[in-house]
Amino acid sequence: MPFRVECDGEVFMVSCGAPGNYSYAWTSGPNAQYGFSLAAHNSPPLEMADHLANIRNFLEQIDPETGYIED
């Protein structure tokens, strides 16, 4: 079941798929359906601090003008 995470003023819905697979949908972001996924095979379930760190890492890469990760 997806759960809501607020981080640095942004809101994400986090879904857990197969063990160690997470999808983060940036629901407060400027671009619908944008977010990221990660797979942490053979690891214990992530704690909230881990989710927050993953989200902050994603947000640090976002171009404020486009709302996307730019190359």
Side-chain angles (χ1 to χ4, degrees):
M1 176 141 255
F3 58 95
R4 185 176 193 261
V5 176
E6 290 186 45
C7 180
D8 301 337
E10 300 294 341
V11 178
F12 289 77
M13 289 302 294
V14 180
S15 301
C16 303
N21 293 321
Y22 298 91
S23 294
Y24 298 79
W26 186 14
T27 60
S28 64
N31 302 305
Q33 305 297 319
Y34 197 61
F36 66 101
S37 297
L38 70 91
H41 300 287
N42 297 321
S43 70
L46 297 181
E47 301 289 333
M48 184 56 65
D50 300 314
H51 292 297
L52 294 172
N54 292 332
I55 291 169
R56 285 188 178 110
N57 182 53
F58 169 79
L59 291 172
E60 288 173 0
Q61 300 176 64
I62 296 295
D63 181 319
E65 291 184 26
T66 66
Y68 291 106
I69 294 174
E70 302 293 334
D71 292 331

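Everything quoted here is computed from the prediction, not taken from an experiment.
Residues forming a side chain to side chain contact (heavy atoms under 4.5 Å, CB included) with Gln33 (at least two apart in sequence, or on another chain): none.
Here the closest heavy-atom approach between residue Asn21 and residue Ala39 is recorded as OD1-CB, 3.0 Å. Closest non-hydrogen pair, Pro30 versus Gly67, comes out as CG-CA, 3.8 Å. Of all the heavy atoms in Tyr34 and Ile69, the pair that sits closest is OH-N, 3.0 Å. When all heavy atoms of Thr66 and Glu70 are compared, the pair lying nearest together is OG1-OE2, 2.6 Å.
Using cut-offs of 30° and 60° on the angle between ring planes, the pair Phe58 and Phe36 is parallel.
Follow the hydrophobic side-chain contacts under 4.5 Å out from Tyr68 and you reach Ile62 in the same cluster. Under a hydrophobic clustering in which Ile, Leu, Val, Met, Phe, Trp and Tyr are joined whenever their side-chain heavy atoms come within less than 4.5 Å, directly or via other members, Met13 and Tyr22 fall into different clusters. With hydrophobic clusters built from ILVMFWY side chains whose heavy atoms lie under 4.5 angstrom apart, Leu46 does not share a cluster with Val11.
Checking side-chain atoms of Asn54 against main-chain N and O of Asp50 turns up a donor-acceptor pair under 3.5 Å.
Rounded to the nearest 0.5 angstrom, Ser15 OG and Met1 CE are separated by 9.5 Å. Separating the CE atom in Met48 from the CD1 atom in Ile55 is a distance of 8.0 Å, to the nearest 0.5 Å. Here CD of Glu10 is found 6.0 Å from CG of Leu59. Values are rounded to the nearest 0.5 Å.
No more than 12 heavy atoms of other residues, nucleotides or ligands lie within 6.0 Å of CD in Glu47, so this atom counts as exposed by the packing criterion.
For Phe3 and His51, the gap between ring centers is short of 6.0 Å.
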